[in-house]
Student: 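Dumping the structure here so I can ask a few things about it.
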Amino acid sequence: MSSLHFPDLQQFIDCPREFWLAQQAETPRPRLPYPLAPELRQLAAQRIELQDQDPIWANFGPWRAAVDFIKASPNHPNQVRLYFVQASGSVYSPKHGFKEKYLKEWAFSYHLFCLAGYEVEQCYAIWIDKDYRYPGGEIPPKRLLKIHPLGQELAELRAETALLMQKAEALRLQKTAPKWDGQSFCKKKLACPFIQKYHGQEIPAFSIFQLPRHRLDRPPLDQALAQKKWDLTELDPELLPERWLLQQQSAKTGQAQVDVPALKEWLAQLQFPLQALDYEAVNPAVPFIPHSRPFQHIPFQFSWQVWPNKETEDIVSTNFLAQDKKEPTAGLMQALLDCAQPQGSILVWHKTFERERNRELAKRYPEHRDFLYRLNERLVDLEEIVTKGLYIDAKFEGRSSLKKVLPVLLPQMSYDELPIAEGLAAADAWWQLDQQPPQEQAQTRQALIDYCQLDTFSLIKMVQLLMRKFGETV
DNA sequence: TTATAGGGAGCAGGATCTCT
DNA sequence: AGAGATCCTGCTCCCTATAA
């Protein structure tokens, strides 16, 4: 039998059926806790006056747990202190205390270290002070990291955790599949692997779980659920709010539901030359450029495309990708000044992100404040056609993210063949770039450019499509 | 005049979206 | 992981209509 870690226990708590199924595999995929970033580990070690060391593991039965640091008690030589480091700024709040999910994880480790024979004197939590402002230079660990002893909280959770572990152990050995009442769901809803495997053929293409902001505990979905009616098309249209109704109509007809007058009006606001902008950014817990804060998004790349006028199909494309982690925003700011047209609408997807990046750039480069604020005034958010109900297709699955909408509108445009196909992967690739051999770096840089470029290109292509179908005659 | 029910505005807090 | 936006709920406050 394979070993079990905290993420397995978490899976058991969230969805015992999925946990059971995962454990039936020949070799269950190990679900290891996500490792800490090295720069955070190092600062945490300094914070408690220790040499950086690898996490320490304890075993008991099938269970394995790690603590980030361990230290002998100065008072009682046979006792130890356990340290848990969390890459988060919201571990503790005066109003709500420690967050439940962290306490559970710590209680699990604490329990296991006790079982493994450690005499634990005290546990400590270490986390990020998100109010810290990095002025530059060496980061003093005491300024960035908060530390607090854990007392009663862990003791209380320990018994509960032990019980859950017993139940999980018993369940994984069970030969027959757990029963399911057809009404209770985990967060994955019908996408839960257990349901997919045992009830796959009964799953409707468009279900009530794809409705945005669905609440299963109140009407009309509570009733539908009680009757095990998962099919979106079976809901009584009388009871549905506007956006849900559109989605149902689309599911019934197989057609997108378009508010043509409103969409025409939306398209009419666009001004040429039409431009499209997309930033890629990293947001590490430990600040890496001066005058930034923990988890702040630092843009390192953008794609800017210009469609001069309706008479041409030619699109001018500009890309910027920062060389390295040393002040990536300086080059980015200059490149932005070089390629931005003085007028015309600037298409983005989910404008809060690009707008916030521009505001932060304006703080960093006050001399370009006016330029950046004028850009913000010209931003036009294409996501609005979905969130404001101008164009609803059930195939969006109730979401409005670019990765859901684009494949429906323009099936021929695909991220599938790109080595980097997602914002988080892009951020990660750039962050790890300096650890790659030089010949691979060139490939990664090209992959980053291709990905970012596709994001802006799809914005313009979608607008061209909408203009062809619904534009012109206003 | 007083007590009470009902409606509407305003607000805080939670949950849920999106982006990287 | 955090931040902004939005939606929803539940609460208070205040006004008005109504009955005693």
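Chain letters run A, B, ... following the sequence lines, proteins first and then strands; every chain starts at 1.
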Student: Counting heavy atoms from C-beta on, name the nucleotide in dT20(B), dA5(C), dA1(C) closest to the side chain of His297(A).
Tutor: dT20(B)
Student: Shortest non-hydrogen contact from Pro342(A) to Arg378(A)?
Tutor: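 Heavy atoms only, the tightest pair is O-NH1, 3.4 Å.
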Student: Between the base of dT18(B) and the side chain of Arg399(A), is there a donor-acceptor distance below 3.5 Å?
Tutor: no
Student: Can you measure Asp381(A) atom CG to dC17(B) atom P for me and round it to whole angstrom units?
Tutor: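 Rounded to whole Å, this separation is 18 Å.
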Student: Return the value, rounded to whole Å, for the distance between atom NZ of Lys130(A) and atom P of dG4(C).
Tutor: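 Taking NZ of Lys130(A) and P of dG4(C), I get 10 Å after rounding.
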Student: Heavy-atom nearest nucleotide on DNA chain C for Lys388(A) versus Leu424(A): which residue maps closer to 5'?
Tutor: Leu424(A)
Student: Side chain of Arg213(A): nearest nucleotide among dG4(C), dA15(B), dT20(B)?
Tutor: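 So the side chain of Arg213(A) is nearest to dA15(B).
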Student: Which one, dC7(C), dC19(B), dT9(C), comes nearest to the side chain of Arg218(A)?
Tutor: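 Of all the options, the side chain of Arg218(A) is nearest to dT9(C).
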Student: Tell me whether the OP1 or OP2 atom of dA1(C) has a side-chain N or O from Lys99(A) closer than 4.0 Å.
Tutor: no
Student: Of the options dA1(C), dT18(B), dG4(C), whose atoms approach the side-chain atoms of Ser401(A) most closely?
Tutor: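 It is dT18(B).
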Student: Taking 4.0 Å as the cut-off, does a side-chain nitrogen or oxygen of Ser90(A) come that near to OP1 or OP2 on dA1(C)?
Tutor: no
Student: Side-chain N or O of Trp349(A) versus OP1/OP2 of dC19(B): is the shortest distance under 4.0 Å?
Tutor: yes
Student: So does Asp68(A) pair up with Arg41(A), basic N to acidic O under 4.0 Å?
Tutor: yes
Student: What is the nucleic acid contact for Leu402(A), judged by heavy atoms within less than 4.0 Å: base, sugar-phosphate only, or nothing?
Tutor: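 If one applies the 4.0 Å heavy-atom cut-off, Leu402(A) turns out to touch the sugar-phosphate alone, with no base involved.
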Student: What's the CZ-P distance between Arg357(A) and dG4(C), to the nearest Å?
Tutor: 9 Å
Student: Glu383(A) has a side chain; which of dT18(B), dA15(B), dA1(C) sits nearest to it?
Tutor: dT18(B)
Student: Could you check if a side-chain atom of Ser184(A) sits within less than 4.5 angstrom of a side-chain atom of Trp180(A), using non-hydrogen atoms only?
Tutor: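 When only atoms from C-beta onward are counted, Trp180(A) and Ser184(A) do touch, with a gap below 4.5 Å.
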Student: Side chains of Val405(A) and Leu382(A): does their closest heavy-atom pair fall under 4.5 Å?
Tutor: no
Student: Using the side-chain heavy atoms of Arg355(A), tell me which of these nucleotides is nearest: dG4(C), dT20(B), dG2(C).
Tutor: dG4(C)
Student: Answer whether the closest heavy-atom distance between the side chains of Trp106(A) and Tyr124(A) falls below 4.5 Å.
Tutor: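 Sidechains of Tyr124(A) and Trp106(A): no contact.
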Student: Which nucleotide in the set dA1(C), dA15(B), dG14(B) lies at the smallest distance from any side-chain heavy atom of His96(A)?
Tutor: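 The answer is dG14(B).
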